[in-house]
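The structure appears below as structure tokens.
Worth knowing before you read on, the calculation uses all heavy atoms, side chains too, and leaves out hydrogens, waters and symmetry mates.
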Amino acid sequence: MQVVLLGPPGSGKGTQAVELSSRLGLFHLATGDILRQEVKNQTALGQEAKAFMEKGELVPDKLILAMVSSRLESGRDYLWDGFPRTEEQAVGLDALLAVRSSVVDIAVLLEVPDEVIVERISGRMFCPGCGANYHRQSKPPKKAGICDQCAKGLQVRPDDRAEVVENRLRVYRERTEPLVLFYEKKGILARVDGNRALQAVTADLATLLEKVRRGQKVLNG
Ligand code: AP5
């Protein structure tokens, strides 16, 4: 099963993907996480990607497709998080899957209003050690500023500054939102209200994906 998670920055894609991949046995592939690791390791890709990420711009499609292609393994069920983000990437993903006799089964759009997104991103913290994600109000660590899992000090992502968030939202509207229509035309787009408690969103997503896995009809039309 191939699942694409779509949604604006801060809509909860990463948080939900971690939970769903462990519940459903899917392989979580988040291009943002891979890029942050490349930046941290100062690889050639990381050095090239850094400037785009700091400004909230998209890393060029060619680099992203090469990065995904080199990690893609046949026969794996993927939960794609933050990829594809442009029509070129979506077409590229279809081509990469086609040679492995696979297709995108469903694209799920997490719908969250802009004002909630700004609130979520401004409260977000992450662990530089294990990558765990937290939120000051909705998912606080047990001890303020310290990771529950590896006890490292939590940090704020450099692209979570207000002016960069504004640009990320603009880029999402211009470059990524058209994918909603792309998947709608294929008849595989599902919308989920992401503006609810974390567990309620997870429960709906898990039910939806279980149905897709069983081959049940989940979409109208
Ligand atoms: P990426 O890391 O993919 O960032 P993003 O898409 O902007 O998404 P975020 O990670 O900001 O948010 P999310 O939806 O995962 O929300 P989260 O679960 O953290 O990309 C970063 C950059 O890398 C891009 O700007 C670009 O430069 C580059 N890049 C990456 N992929 C690329 C690609 N394919 N092509 C080109 N460039 C690419 O949740 C946010 C916060 O809210 C958390 O604190 C969480 O705890 C909290 N929260 C989540 N759900 C809820 C809830 N239901 N209620 C309350 N709080 C909640």
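Of all the heavy atoms in Leu79 and Leu5, the pair that sits closest is CD1-CG, 4.1 Å. Minimum interatomic distance between Ser11 and Val112 (heavy atoms only, all atoms of both residues): O-CG2, 3.7 Å. Leu6 and Ala107 get closest at one heavy-atom pair: CD1-CB, 4.5 Å. For the pair Ala206 and Arg23, the tightest heavy-atom approach, listed with the atom from each and the gap, is CB-NH1, 3.9 Å. Closest heavy-atom contact between His28 and Gly14: CE1-O, 4.3 Å. Scanning both residues, Pro84 and Thr176, for their nearest heavy atoms gives O-CG2, 4.5 Å.
Enclosure of atom CD in Glu210 by more than 12 non-hydrogen atoms of other residues, nucleotides or ligands within 6.0 angstrom is indicated. Within a 6.0 Å radius of CD in Gln216, other residues, nucleotides and ligands contribute more than 12 heavy atoms.
A donor-acceptor pair is defined here as one N or O able to donate and one able to accept, closer than 3.5 Å; no such pair exists between the side chain of Asp148 and the backbone of Pro141. The backbone N or O of Thr43 lies less than 3.5 Å from no partner atom in the side chain of Glu48, so there is not a single donor-acceptor pair. Between the side chain of Lys13 and the backbone N or O of Gly7, at least one donor-acceptor pair lies under 3.5 Å. The closest donor-acceptor contact from the side chain of Asp77 to the backbone of Met1 lies under 3.5 Å. Thr31 places a side-chain N or O within 3.5 Å of a backbone atom of Gly82 that can act as its donor or acceptor partner. Looking at Gln2, its side chain does come within 3.5 Å of a backbone N or O of Arg76 through a donor-acceptor pair. Remark: the backbone N or O of Ala151 is not paired with any side-chain donor or acceptor of Lys143 at under 3.5 angstrom. No side-chain donor-acceptor contact under 3.5 Å links Arg124 to the backbone of Asn133. Formation of a donor-acceptor pair under 3.5 Å by the Asn167 side chain with backbone atoms of Lys55 is found in this model. Using a distance-only test at 3.5 Å, with no hydrogens or angles considered, no donor-acceptor pair links the side chain of Arg173 to the main chain of Leu169.
Between Leu35 and Phe52 there is no side-chain heavy-atom pair separated by less than 4.5 Å. Within the 4.5 Å cutoff, side-chain heavy atoms of Arg196 are placed close to those of Asp204. Considering only heavy atoms from C-beta on, Arg175 stays 4.5 Å or farther from Glu88 through its side chain. Side chains of Leu97 and Val103 form no contact here, defined as non-hydrogen atoms less than 4.5 Å apart. Contact annotation: the side chain of Gln16 never approaches that of Val108 to less than 4.5 Å [non-hydrogen atoms, C-beta and beyond]. Using a 4.5 Å cut-off on side-chain heavy atoms (C-beta onward), Glu184 and Leu181 make contact. Looking at Thr15 and Thr202, their side chains never come closer than 4.5 Å, going by heavy atoms from C-beta outward. Contact check for Pro113 versus Asn195: side-chain heavy atoms found under the 4.5 Å cut-off.
Residues that satisfy the ring-ring contact (aromatic ring centres under 6.0 Å, His included) test with Phe27, not counting sequence neighbours, are Tyr78.
Test Val59, Leu72, Leu45 against Met67 for side-chain contact (heavy atoms from CB on, under 4.5 Å) and you get one pass: Leu45. Each of Arg170, Arg85, Arg168 was evaluated against Glu57; a single residue qualifies, Arg170, per the salt bridge (Lys or Arg N to Asp or Glu O under 4.0 Å) test.
Leu20 and Ile106 fall within a single hydrophobic cluster, where Ile, Leu, Val, Met, Phe, Trp and Tyr are joined by side-chain heavy atoms under 4.5 Å apart, directly or via other members. Hydrophobic clustering of Ile, Leu, Val, Met, Phe, Trp and Tyr side chains at less than 4.5 Å, counting indirect connections, unites Phe182 with Val104. Met53 and Ile64 end up in the same hydrophobic cluster when Ile, Leu, Val, Met, Phe, Trp and Tyr side chains are linked at under 4.5 Å. Note on Leu209 and Val18: separate hydrophobic clusters, where clusters join Ile, Leu, Val, Met, Phe, Trp and Tyr whose side-chain heavy atoms are under 4.5 Å apart, directly or indirectly. A single hydrophobic cluster is seen to contain both Leu109 and Leu179, as judged by linkage of ILVMFWY side chains at heavy-atom distances under 4.5 Å, directly or through other members.
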As a quick check of understanding, evaluate side chain to side chain contact (heavy atoms under 4.5 Å, CB included) for Val212 and Val3, giving each step before the final call.
CA-CA 10 Å; Val212 174; Val3 181; over 6 Å; no
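Cluster partners of Val164 are absent, since no Ile, Leu, Val, Met, Phe, Trp or Tyr has side-chain heavy atoms less than 4.5 Å from it.
Between Ile121 atom CD1 and Arg161 atom CZ the span is 13.0 Å, to the nearest 0.5 Å. Taken to the nearest 0.5 Å, the CG atom of Leu58 stands 12.0 Å off from the CG atom of Leu63. Summarising the geometry, atom CG belonging to Leu24 is positioned 9.5 Å from atom CG belonging to Leu205; distances are rounded to the nearest 0.5 Å. Taking CD from Glu119 and NE2 from His135, the interatomic distance works out to 4.5 Å, rounded to the nearest 0.5 Å. Interatomic distance, Lys142 NZ to Gln149 CD, rounded to the nearest 0.5 Å: 9.0 Å. Here the SG-CG distance, from Cys147 to Leu154, works out to 6.0 Å after rounding to the nearest 0.5 Å.
Under 4.0 Å is where a charged nitrogen must lie from a carboxylate oxygen, and between Glu38 and Arg71 at least one such pair does.
A ring pair (Phe, Tyr, Trp, His ring centres under 6.0 Å) check over residues 82-107, counting only residues at least two apart or in different chains, returns the pairs Trp80-Phe83.
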